J.: 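Next up is a structure, given as structure tokens.
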Amino acid sequence: MPGVSLQQINKQFGNDTAVSPTDLEFNDGELTALLGPSGCGKTTLIRMIAGLETPSGGRILLDGQNITDQPAHIRRFGMVFQSFALFPHLTVTDNVGYSLKINGVGKEQREQRAQELLDLVQMPQFGKRRIGELSGGQRQRVAIARALAQQPSIFLLDEPMSALDAKLREEMQVELRLLQQRLGITTIVVTHDQREAMTMADRIVVMKKGQVEQVGTPDEIYNNPASLFVASFIGKANFINGIIRRGTVIVGNNELATADKPGFIDGSSVTLFSRPERCRIVDNTGENTMRGEVTYVRNVGSLFEYHLTTDIGPLIIEKPNLQGNSPITKGQQILVQLPADSIKTFPALAA
Ligand code: ATP
């Protein structure tokens, strides 16, 4: 399966920049998620890769070949977009085999291929149904089967789960990922849902205002965000403002040790980042410990989220729900530690 390279690809709509000049590699057989808030340019980027939007500049390479000017129907990438756009008057089999029909493939061969694909998406019995007789999740699987009918080299999905409810969405994310791994097909998924990107992707491209903020594996992006934007967009986080004095971070009357030893000059304003699950509840004072009062306990089922007021400001910490009820209650005074190696230091955002 080939990979896709973008070289300085960009898109202007009039005076507005939807995508700034961008270099990206989509590796052979990998699933890459394009992740970012609404309007950051994800859809424009995937539409340029599909051949549905003409870039203002730059090049798109498929397996080293320049395909920038190739029309979409020549690229023949598999595509599933937000509205599955299935044909309601056709049966499931005819929907799946539609592109084969357009390309002159005979009925018998078409039906055989459609059946193989329906087996693949675990809908072997549904060939004769009409689209209106299917659930949202089933429609999505038909759309995926249809996109795979021509054995595309690249599979492009733009918010493919947006029409599904939360539970089905999670199931489909896992199913789609397993299918993609089985087929080994180079896949690009656009999403604004960080959980979806974390669940499915080999690599995540985080975008902001038409630019790439960070490219990395889900672990890299979650544990080592490159900017405050990425840190706040992916997962929950605590952000604590402080000032650098003699190489350490001062927050109010507290001095916090950080393992990342940033090279900030004295007097710099910084923002510290720490994940709630890395904060500890401890019995004794020590490095980076502080008193906190529990102001809210949130039961999320598998874990408890504690909201605290502390000397360094509000903090959220998370602990797994191991015994069915929270050992800590609202109003309780506790000691919290932010381990130095759980803290990352960023320049503070300008006020
Ligand atoms: P969403 O998650 O809301 O779909 P997105 O990240 O996919 O957002 P795009 O749809 O790529 O973002 O849009 C990027 C920017 O380009 C936006 O400011 C949008 O208004 C603008 N834009 C997109 N398509 C056009 C168009 N055809 N004409 C003019 N501006 C456009």
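None of the values given here were measured: they were computed from a predicted structure. Computed over heavy atoms, backbone and side chain alike; hydrogens, waters and symmetry mates excluded. Throughout, residue positions are numbered sequentially from 1 according to the sequence presented. Just so you know, ligand 1 is whichever comes first in the structure, and atom 1 is the first atom listed for that ligand.
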J.: Any idea which atoms of ligand 1 are less than 4.0 Å away from a heavy-atom of Gly39?
T.: 1 (P), 3 (O), 5 (P), 6 (O), 8 (O), 12 (O), 14 (C), 15 (C), 17 (C)
J.: Which residue and atom name correspond to the protein heavy atom nearest atom 21 (C) of ligand 1, and how close is it?
T.: Phe13 CD1, 4.0 Å
J.: Under 4.0 Å from a heavy atom of Thr43: which atoms of ligand 1 are those, numbered in the order shown and with their elements?
T.: 4 (O), 5 (P), 7 (O), 10 (O), 11 (O)
J.: For ligand 1, is Pro37 a contact, meaning one of its heavy atoms is under 4.0 Å away?
T.: yes
J.: Does a side-chain heavy-atom distance below 4.5 Å link Phe126 with Gln138?
T.: yes
J.: Decide whether a cation-pi geometry holds between Arg298 and Tyr306; the criteria are a distance under 6.0 Å from NZ or CZ to the six-membered ring centre and an angle within 45° of the ring axis.
T.: no
J.: If I compare all heavy atoms of Lys330 with all of Thr295, which pair ends up nearest, and what's the gap?
T.: CE-O, 3.4 Å
J.: Tell me, which protein residue and heavy-atom name are nearest atom 2 (O) of ligand 1, and how many Å apart are they?
T.: Lys42 NZ, 2.9 Å
J.: Would you call the rings of Phe273 and Phe346 parallel, tilted or perpendicular, where under 30° means parallel and over 60° means perpendicular?
T.: perpendicular
J.: If the contact criterion is a heavy-atom separation under 4.0 Å, does Gly36 count as touching ligand 1?
T.: no
J.: Could you tell me whether Lys208 sits above the aromatic face of Phe229, with NZ or CZ closer than 6.0 angstrom to the six-membered ring centre and within 45 degrees of the axis?
T.: yes
J.: Quick test: of every protein heavy atom, which one is nearest to atom 16 (O) of ligand 1, and how far off is it to 0.1 Å?
T.: Ala18 CB, 3.4 Å
J.: Closer than 4.0 angstrom, basic N to acidic O: yes or no for Arg130 and Glu133?
T.: no
J.: Quick one: look up the protein heavy atom nearest atom 3 (O) of ligand 1 and list residue, atom name and how far away it is.
T.: Ser38 OG, 2.6 Å
J.: Is at least one protein non-hydrogen atom found at under 4.0 angstrom from atom 13 (O) of ligand 1?
T.: yes
J.: By number and element, which atoms of ligand 1 are closer than 4.0 Å to a non-hydrogen atom of Cys40?
T.: 5 (P), 6 (O), 12 (O)
J.: Please report the interatomic distance NZ(Lys11) to OG1(Thr17), rounded to the nearest 0.5 Å.
T.: 11.5 Å
J.: Determine whether any protein heavy atom is located less than 4.0 Å from atom 19 (C) of ligand 1.
T.: no
J.: Based purely on interatomic distance, does Thr44 place a nitrogen or oxygen under 3.5 Å from a nitrogen or oxygen of ligand 1?
T.: yes
J.: Using the ring of Phe87 (Phe, Tyr or Trp, six-membered ring only), decide whether Arg146 places NZ or CZ under 6.0 Å from its centre and within 45 degrees of its axis.
T.: yes
